[in-house]
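Let me begin by presenting the structure, written as structure tokens, before commenting on it.
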Amino acid sequence: MAYAENFILPVGNVGETKSMYKEVVLGGDVWDLLDELMIYMGNPMQYYEKGVQFVRGVLLSGPPGTGKTLFARTLAKESGLPFVFASGAEFTDSEKSGAARINEMFSIARRNAPAFVFVDEIDAIAGRHARKDPRRRATFEALIAQLDGEKEKTGVDRFSLRQAVIFICATNRPDELDLEFVRAGRIDRRLYIGLPDAKQRVQIFGVHSAGKLLAEDVNFEQLVFRTVVFSGADIRNLVNEAAIMSVRKGHSNIFQQDIIDVLDKQLLEGMGVLLTEEEQQKCEASETAISVFYPREDMVDQADSSDGELIKYRWDDPHVIPANMTPEVSELFTRELTRYIEETEELTINALKDNRHILDMIANELLEKSRITGLEVEEKIKGLSPVRFEDFVKPFQINLDEEGPLPHNDRLRYQPLDIYPAPLHRC
Ligand SMILES: Nc1ncnc2c1ncn2[C@@H]1O[C@H](COP(=O)(O)OP(=O)(O)O)[C@@H](O)[C@H]1O
Ligand SMILES: [Mg+2]
């Protein structure tokens, strides 16, 4: 039987859910749906007695690496129900007809119902173009027939226990799917699994760093702004790379700096910039410069409740920005700066709309001199654009003699998450 190896027999009891899914970090709607499905699977007959047709198909969609396949795999292991699975690609590249394979999958599932059928990368079968190709058309039609569950095609009565088969499928390209396929009655539930938010990223980091030796200073919460558009798979990769980095440096544990180094490396690689060791050291200096305009959350104090809008910026080194940069690093600096300004408050955008040369000027200045102070940057900008200077510089202004918060600026708003530019390698 072709699907014997793709067929998982139950372990544990039906209904033992959630706590067993700790390693899958997804939004509440996923778990609500899982609850709903498991209640049904626990006793499908009670629905049939009332003439109710339960959910047939569930579509998981979203960007790659967000945990769709992981969710299905975990469901297979933990649901306590039989599970038949395949990937869409398998249907297009085998000698056996795709339609026969679909029928076989459903037949195994129905014989073991209640059961799940999972097809990953469903766009290979149910993509909009599938029906144009005669061979793929047959596969598509077999799938539709199985989902519709009519007796002539499946040999199974409408309200028999053998209908208690839930079809789950996943795709990164929901927009590619055939509308016939995704209509209600076939696909009744659609779940979008998006990129993880800050809290989920921290949890995912926890999942993937469990069992690894982390130094005490590791604090992933401090890195949420640097991992804004990371998927779960990206975070897993980051932890792995940091582990490799720590071994390379001869550390016994993974330190926070190892993770930061990997992030910096990815940032530069994303730009096609390959650095020598020496340049990498220089890059560290430029990082401080970047941080002036690209505050990381360890430099931004979350405002206290009395004046919730206040932004407080602090520089790593309050007095000097070391900036002995190579042209590549300078380019990085300029781009980072441009992106930050593009994505930050409107007032800054307005201030710079006609003054893009300011950015180049700052980068050049940093290239020529080995060091430049924050006040010098201010002076330069002042000279270039006196009218708009106030607006531009306010978010970054700092009194070097004074510790503590900046004066309150009504026009500035602090949005706790996701206002910071995505790391360059992601774009
Ligand atoms: N939400 C998540 N929670 C925990 N780990 C995740 C998550 N998303 C992705 N991962 C990690 O990345 C790997 C690849 O994700 P995968 O499920 O194949 O993504 P998708 O199918 O959505 O493209 C997973 O095996 C897991 O290690
Ligand atoms: Mg997948």
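Quick note: residue numbers are just sequence positions, from 1. Just follow the structure's listing: the first ligand is 1, and inside any ligand the first atom is 1. What you see below is based on every heavy atom in this structure, not just the backbone, and it leaves out hydrogens, waters and symmetry mates. All of these numbers come straight from a predicted model, not from anything done at the bench.
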| field | Salt-bridge contact R226-D264 (side-chain N to carboxylate O under 4.0 Å) | value | yes
| request: Consider ligand 1: state whether an atom of it lies below 4.0 angstrom from any non-hydrogen atom of H208. | output: yes
| query | Taking atom 3 (N) of ligand 1 as the point of reference, which of L60, V30, V239, V25 owns the nearest heavy atom? | reply | V25
| said: Check this for me - ligand 1, G67, N or O atoms closer than 3.5 angstrom, yes or no? | reply: yes
| message | Keeping R201 on the side-chain end and V224 on the backbone end, is there a donor-acceptor pair under 3.5 Å? | response | yes
| task | Looking only at protein heavy atoms, identify the closest one to atom 10 (N) of ligand 1 and say how far it is in Å. | result | G232 C, 3.6 Å
| query | Roughly how far, to the nearest 0.5 Å, is the CZ atom of R110 from the CG atom of N103? | reply | 9.5 Å
| request: Determine, using heavy atoms of G65 and all atoms of ligand 1, whether some pair is separated by less than 4.0 Å. | output: yes
| field | 2.8 Å cut-off met by an N, O or S atom of N172 to the Mg ion (ligand 2) | value | no
| query | Using heavy atoms and a threshold below 4.0 Å, how should the contact between T66 and ligand 1 be classified: side chain, backbone, both, or neither? | reply | both
| Distance filter under 4.0 Å to P64 heavy atoms, resulting ligand 1 atoms | 23 (O)
| Backbone N or O of R56 within a donor-acceptor pair of the D188 side chain at under 3.5 Å? | yes
| remark: Within 4.0 Å of some non-hydrogen atom of I204, the atoms of ligand 1 are 1 (N), 2 (C), 3 (N)
| For R73, the ligand 1 atoms whose distance to one of its heavy atoms is below 4.0 Å | 25 (O)
| field | For atom 22 (O) of ligand 1, the protein heavy atom that lies nearest, with its residue and separation | value | K68 NZ, 2.7 Å
| message | Would N219 and Q256 count as a side chain to side chain donor-acceptor pair (under 3.5 Å) here? Give the steps. | response | CA-CA 7 Å; N219 181 345; Q256 182 84 341; 5.7 Å; no
| task | Look at atom 4 (C) of ligand 1 and say which protein heavy atom is nearest, naming residue and atom and giving the distance to 0.1 Å. | result | E23 O, 3.3 Å
| request: Could you tell me the residue and atom name of the protein heavy atom closest to atom 12 (O) of ligand 1, and the distance to it rounded to 0.1 Å? | output: A233 CA, 3.2 Å
| query | Ignoring hydrogens and geometry, is there a side-chain-to-backbone donor-acceptor pair from K68 to G62 under 3.5 Å? | reply | yes
| query | Distance-only, no hydrogens or angles: does the Q146 side chain make a donor-acceptor pair with backbone N or O of L143 under 3.5 Å? | reply | no
| request: Looking only at protein heavy atoms, identify the closest one to atom 21 (O) of ligand 1 and say how far it is in Å. | output: T69 OG1, 2.6 Å
| query | Looking only at heavy atoms of Q203, does any of them come nearer than 4.0 Å to an atom of ligand 1? | reply | no
| message | Salt bridge or not between D175 and R173? Use side-chain N to carboxylate O under 4.0 Å. | response | yes
| For atom 17 (O) of ligand 1, closest protein heavy-atom neighbour | L70 N, 2.8 Å
| message | Applying a heavy-atom cut-off of 4.0 Å, say which part of R236 lies close to ligand 1: side chain, backbone, both or neither. | response | side chain
| said: Ring-plane angle category for Y40 and Y48, please: parallel below 30°, perpendicular beyond 60°, tilted otherwise. | reply: perpendicular
| said: I want to know if ligand 1 touches L26 in the polar sense, i.e. an N/O pair below 3.5 angstrom. | reply: no
| Any idea how H251 and F255 line up, ring-wise: parallel (<30°), tilted (30 to 60°), or perpendicular (>60°)? | perpendicular
| Does S209 use its side chain to pair, donor to acceptor, with the backbone of K212 at less than 3.5 Å? | no
